[in-house]
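Down below is the structure, laid out as structure tokens.
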Protein chains: 2
Amino acid sequence: MDSSTEDKIYLAARRIFVLKGMEGARMQEIADEAGMNKALLHYYFRSKENLFKAVFKDIFTKFFSKVKDTLFSNITSKDKLVVFIDSYIDLISSNPYVPQFIINEINRDPKVLKTLMFESGIEPQKILELFFNEVKLENSSEVDSRHIVISLMGMLVFPFVARPLLQMIYFNNDSETYDHFLKERKEVVKNMIFKLIEA
Amino acid sequence: MDSSTEDKIYLAARRIFVLKGMEGARMQEIADEAGMNKALLHYYFRSKENLFKAVFKDIFTKFFSKVKDTLFSNITSKDKLVVFIDSYIDLISSNPYVPQFIINEINRDPKVLKTLMFESGIEPQKILELFFNEVKLENSSEVDSRHIVISLMGMLVFPFVARPLLQMIYFNNDSETYDHFLKERKEVVKNMIFKLIEA
DNA sequence: GCATAAGTTAACCATATGGTTAAACCATAA
DNA sequence: TTATGGTTTAACCATATGGTTAACTTATGC
């Protein structure tokens with residue numbers, strides 16, 4: 001039952017780290033969440049830092065791997081954009097705290113990103129570059145495609161990370177209305193991007 | 001020199017909290033930054049929580065007050081958008097960690113936002129609503145103006161908060177090139193928004 | 001100048017935190 | 001059954017952390 005204990009700890013750690021971040025998470029809290037004795041965290045992962053890195057690496061690579069198949073498929077670049085946007089809104093909707101977790105941690109400790117890119121076979125980087133190329137192929141505007149890509153990312157991520165503020169101010173703090181807004185956003189963001197890339 | 005000591009502590013706290021967040025900041029570190037004995041932090045602000053709230057409130061209200069004069073001026077809505085975008089890219093450029101600080105803290109503790117909105121005379125909310133109205137006036141598209149506003153915010157903020165990742169992947173980790181990209185962005189975001197709001 | 005209030009310091013406090021340790025427990029093989 | 005290796009536990013450890021305290025220093029008012 002070795003991997004079962006390790007998995008339980010990992011899953012608990014993932015949940016707590018995503019919600020609280022490296023600084024806010026407590027080993028005892030993770031142990032409680034896993035239903036394990038705190039010493040086991042050190043037995044299996046040796047330190048808080050190691051545990052965190054395992055979690056961050058997993059989350060980071062999975063976050064960007066979701067569209068790998070899409071990017072390597074034979075559909076048109078335009079259709080890839082569509083699938084990409086749909087996929088990511090769904091993905092973030094079901095893991096709403098993950099973008100904020102990633103952004104917070106890469107700002108808190110930029111070295112974690114460098115280390116990760118070096119260790120992870122550079123796959124997330126490759127995926128982001130492939131994605132960039134798809135956008136570039138479709139971009140008929142005069143604008144540097146990096147502006148398009150980064151704007152698209154901002155449009156996808158921001159409604160989630162800034163949710164507490166935006167929901168309060170523009171949606172009367174009504175969670176259901178905001179959820180509905182997020183669903184609408186699939187079509188809206190697609191239309192926006194296509195508008196931005198046209199000549 | 002009462003206010004001078006208090007100010008020194010406040011300024012130090014602001015710097016450390018913005019960089020480290022509430023969870024990551026240490027009172028001893030703030031005291032060291034201020035060149036003061038740690039007990040003074042409690043003497044003047046009573047607790048870490050109080051000190052943090054003072055800082056957060058100040059930063060939050062100032063962040064949104066920057067365009068107050070613009071919003072109340074007599075220029076056209078379209079020109080207001082232009083000034084708004086210019087102002088915010090400049091503001092964020094000179095305080096690059098502030099958006100991330102705000103986003104992180106409103107996610108870490110959403111109650112801080114509720115309390116703040118109640119205490120601060122609701123000014124940031126009013127400003128965001130006024131801004132929304134200006135966008136709505138200019139929006140000839142079929143799209144709900146909230147989508148436009150939120151997309152604009154995402155476009156303004158995201159390049160800063162995700163800088164470590166974006167710079168590494170799309171800019172060969174060259175800081176100067178990224179800074180140049182950010183400067184370009186003033187014109188680019190304006191053009192993008194005008195494209196999005198046209199019929 | 002004196003009394004008092006406000007500001008400052010160094011030492012201290014109670015608890016939290018990540019981590020360690022030795023013993024107990026469990027599973028398996030001989 | 002015993003030996004062995006792996007897993008788990010409860011207790012413990014050293015340091016960090018936010019906060020307190022009493023003594024000292026400085027500023028202020030009369």
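This structure is a prediction, so every number in the text was calculated from the model and none was measured. All values below come from the heavy atoms of this structure, side chains included, with hydrogens, waters and symmetry mates left out. Note on naming: letters A, B, ... go to the chains in the order of the sequence lines (proteins, then strands), and numbering restarts at 1 for each one.
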Starting at the 5' end of nucleotides 18-23 of chain D, put B wherever the base has a protein heavy atom under 4.0 Å, S where only the sugar-phosphate does, and a dash everywhere else.
-> BBBB--

A correct 5'-to-3' footprint of nucleotides 22-28 of chain C, with B, S and - meaning base, sugar-phosphate only and no protein heavy atom under 4.0 Å, is -------

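Other members of the cluster containing A:Val83 are A:Ile75, with ILVMFWY side chains joined at under 4.5 Å, either directly or via other members. Other cluster members for B:Leu137: none, since no ILVMFWY side-chain heavy atom sits under 4.5 Å from it.
The salt bridge (charged side-chain N to carboxylate O under 4.0 Å, His left out) search around A:Lys20 returns A:Glu29, not counting sequence neighbours. Remark: B:Tyr10 pairs with B:Asp58 by the side chain to side chain donor-acceptor pair (under 3.5 Å) rule, at least two apart or across chains. Every salt bridge (charged side-chain N to carboxylate O under 4.0 Å, His left out) that B:Glu134 has, sequence neighbours left out, goes to B:Lys80. Under the salt bridge (charged side-chain N to carboxylate O under 4.0 Å, His left out) criterion, A:Glu198 pairs with no residue at all, not counting sequence neighbours.
Applying the salt bridge (charged side-chain N to carboxylate O under 4.0 Å, His left out) test to pairs two or more places apart or on separate chains, those with a residue in residues 32-47 of chain A are A:Arg15-A:Glu33. Applying the side chain to side chain donor-acceptor pair (under 3.5 Å) test to every pair with at least one member in residues 149-158 of chain A, sequence neighbours left out, gives these pairs: A:Ser151-B:Arg185. Within the structure, every pair that satisfies the salt bridge (charged side-chain N to carboxylate O under 4.0 Å, His left out) test and touches residues 153-175 of chain B, not counting sequence neighbours, is listed here: B:Arg163-B:Asp179.
Residue B:Leu196 comes nearest to B:Asn139 through the heavy atom pair O-OD1, 4.5 Å, listed as atom of the first residue, atom of the second, then distance.
With the end axes of the helix from C:dG1-D:dC30 to C:dA30-D:dT1 each set by five pairs, the angle from one to the other reads 10° at 10° resolution.
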